[in-house]
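Only a predicted model underlies this, so the values are computations on that prediction, with no experimental measurement involved.
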Amino acid sequence: MKKSALVIGIVGIICISNMLPANAVGVDINSEISDTTNIESIDNEETSADSESDTADETQNDSGDIWQNGESVTESTEEFFDIDNINEQNIQSDTGINTDTDVAIVDSLNISTNGEISYYLNMKRYEMLLTYYQKMDELLLRKTEIYQKLAESGDITDITVKQIATQEKQVASQKDICCNEVDYNRYIISKTGVSFDDVDIKSIKNVEDIEYYTAGKTKYSASNIARYVTDCKNAVSNISAKEAEIETLMAINEQVNELKKAGEMSELDVIDSKLAVLKSQIELEDYYYEMNVNYYCLLK
């Protein structure tokens with residue numbers, strides 16, 4: 001019984017407090033592609049203004065106006081993903097990026113045209129999320145059934161049943177959104193004719209320090225690059241921690257199943273344990289997505 005109580009406590013802390021992941025499906029990066037284009041335009045105008053500054057004071061004033069009117073750089077990973085005009089001279093062999101392989105991937109993907117890879121990354125993300133939300137929805141439907149029986153016997157109140165039913169409806173909504181997003185991104189990819197067979201989303205993308213990539217860059221370019229590097233590194237760190245957490249949760253789930261067979265835990269305990277695993281798996285997918293988005297932004 002002590003073992004049973006310990007497992008219940010761990011599962012309860014991780015799972016019951018919040019069934020939906022903090023980073024539920026949200027706005028994808030395709031809708032904000034124009035942000036990076038605007039910033040690059042500012043960089044180009046600034047470079048042009050600087051080259052003419054020695055010949056006319058008026059040009060210097062125009063350059064200052066450009067900087068004052070420039071858009072601020074966003075810190076959201078999903079709001080500035082656009083890959084074009086990749087400069088291979090900026091991709092060094094000692095960057096931690098496999099130069100020959102990655103440049104070949106860049107060329108084969110033709111990601112200089114409208115950032116098609118953004119649609120692929122979105123599609124793969126929503127495909128994986130859909131898998132997890134489907135499993136979560138099935139578990140919550142079963143949990144609702146159990147709670148309804150408990151309410152009928154007077155063990156719990158109707159409001160508790162409604163709370164679980166609401167969670168199930170939220171997950172069902174996320175499931176529908178994932179289906180819609182998969183269809184959309186798959187449609188766009190089908191129109192581009194680009195193959196993404198060489199893209200390995202699950203490989204860890206290790207990058208160098210900020211200074212390595214920002215030397216000689218303009219103010220706005222350096223700011224973007226610094227954000228890409230930092231967010232990529234953060235995602236890699238989060239992936240490592242989250243994978244360790246999932247391993248622990250899966251071990252707990254196995255123990256809960258054994259205790260249920262022994263009559264020391266209920267079906268509800270098993271469901272909550274499985275939901276905790278799924279929640280962490282969804283969060284892991286988000287970290288992989290963030291890593292890849294920032295990595296391919298950095299390739300430019």
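Atom CD of Glu243 sits in a crowded spot, with more than 12 heavy atoms from other residues, nucleotides or ligands closer than 6.0 Å.
Applying the salt bridge (Lys or Arg N to Asp or Glu O under 4.0 Å) rule to Glu152 yields no partners; only residues at least two apart in sequence or on another chain are considered. Scanning for salt bridge (Lys or Arg N to Asp or Glu O under 4.0 Å) contacts around Arg142 gives Glu145, Glu267, with sequence neighbours left out.
No hydrogens or angles considered: nothing links the side chains of Asn234 and Ser237 as a donor-acceptor pair under 3.5 Å. For the residue pair Glu168 / Thr144, no side-chain donor-acceptor distance below 3.5 Å is found, with atom types taken as modelled. Judged purely by distance below 3.5 Å, without hydrogens or angles, the side chains of Asn122 and Tyr289 pair a donor atom with an acceptor atom.
In plain terms, the two heavy atoms of Thr214 and Ile225 that are nearest each other are CG2-CG2, 3.8 Å. Considering all non-hydrogen atoms of both residues, Val229 and Asp209 come closest at CG1-C, 4.3 Å.
Each of Asn185, Asp286, Asn292 was checked for a side chain to side chain donor-acceptor pair (under 3.5 Å) with Arg125, and the lone residue meeting it is Asp286.
Using a 4.0 Å cut-off between charged side-chain N and carboxylate O, Lys233 and Glu208 make no salt bridge. A salt bridge links Arg186 and Glu127; the closest N-O separation between the charged side-chain nitrogens and carboxylate oxygens is under 4.0 Å. Using a 4.0 Å cut-off between charged nitrogen and carboxylate oxygen, Asp231 and Arg227 count as a salt-bridge pair. Residues Asp155 and Lys149 are not paired through a salt bridge, judged by the lack of any N-O separation under 4.0 Å between the basic side chain and the carboxylate.
When side chains are defined from C-beta on, Glu116 does not count as touching Ile189, because their heavy atoms never get closer than 4.5 Å.
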